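Read the structure below first, then the notes.
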Amino acid sequence: MAMNETNTAAQTAETTTVIDFAHTGKSRSPRRGVKKRPSHPDADLIENCIECAMQITAGKAPYKIDPTDSEFAAFCDDICRSRADRALRAVLDMSPSTLDGLRAKAGLVEVVMEDWTDYPGGVQFDELQTTFLLSLAKDVIRFQRAAMVEKTSHLTFSGADK
């Protein structure tokens, strides 16, 4: 009898088809193998902007799943908010040196503004959020001034000859 059970299990294993979920309904692209961190002058700034945005987004997901009155989701959200704040503080300590860095910081503003406007009663900025927005404004002004100097440094002012 043990022989029949073994044969039946072996036969079942041979006839059972295995579904390869990697090939069905690819909803997102396969992960690229990233061997090392990209070399970029603003790598730390870009990474922290991504981390902050990622944590803000991750904090919202549990509310869609939590069957309780958000007891579990709120706990997970608190952890994500803490990580997002830590990344945001790191962003504040850095100034972009490239347009990529400036763009990452501006992209983060879009993510955090959407998050902050979700609160009842509209947008209410705390000190960290206000400092972040002012930091971006100062970076944009600094970049614009540097671009203007670069763009016009070789031109002579028409009124300078007179």
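The model shown is predicted, which means the values in this text are computed figures rather than measured ones.
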Main chain of Glu127, side chain of Thr131: is a donor-acceptor contact present, judged purely on distance under 3.5 Å? yes

Can you find a pair of side-chain heavy atoms, one from Leu88 and one from Leu108, that are under 4.5 Å apart? yes

Quick one, Arg142 and Lys138 - any side-chain contact, counting heavy atoms below 4.5 Å? no

I'd like to know if Arg81 pairs up with Asp77 as an ion pair, taking the criterion as any Lys NZ or Arg NE/NH1/NH2 lying under 4.0 Å from an Asp or Glu carboxylate oxygen. yes

Assess whether atom CZ of Arg103 is packed by more than 12 heavy atoms of other residues, nucleotides or ligands within 6.0 Å. no

Check for a donor-acceptor pair, side chain of Thr57 on one end and backbone N or O of Ala53 on the other, with a separation under 3.5 Å. yes

Should Leu99 and Leu45 be regarded as members of a common hydrophobic cluster, given that ILVMFWY residues are connected when their side-chain heavy atoms come within less than 4.5 Å of each other, either directly or indirectly? yes

Do Ser70 and Tyr63 have side-chain heavy atoms sitting under 4.5 Å apart? yes

When rounded to the nearest 0.5 angstrom, what is the spacing between OG in Ser95 and CG in Leu102? 10.5 Å

Distance-minimising heavy-atom pair for Cys52 and Ala84: SG-O, 3.4 Å

Is it the case that more than 12 heavy atoms not belonging to Asp93 sit under 6.0 Å from its CG atom? yes

Heavy atoms only: give me the nearest Cys76-Pro62 pair and the separation to one decimal. CB-CG, 3.9 Å

Tell me the closest heavy-atom pair linking Pro38 and Ala43, and the distance in Å. O-CB, 4.2 Å

Grouping I, L, V, M, F, W and Y whenever their side-chain heavy atoms are under 4.5 Å apart, do Phe132 and Leu128 come out in a common cluster? yes

Of Asp42, Asn48, Asp139, which meets side-chain hydrogen bond (donor to acceptor under 3.5 Å, both in side chains) against Lys105? Asp139

Are Met54 and Leu92 connected in a single hydrophobic cluster, I mean Ile/Leu/Val/Met/Phe/Trp/Tyr linked by side-chain heavy atoms less than 4.5 Å apart? no

So, Thr98 and Asp100: side-chain donor and acceptor under 3.5 Å apart, yes or no? no

Same cluster or not: are Val140 and Val112 linked, directly or through other Ile, Leu, Val, Met, Phe, Trp or Tyr residues, by side-chain heavy atoms under 4.5 angstrom apart? yes

When you group the ILVMFWY residues by side-chain heavy-atom contacts below 4.5 Å and let the links chain together, are Leu133 and Leu136 in the same group? yes

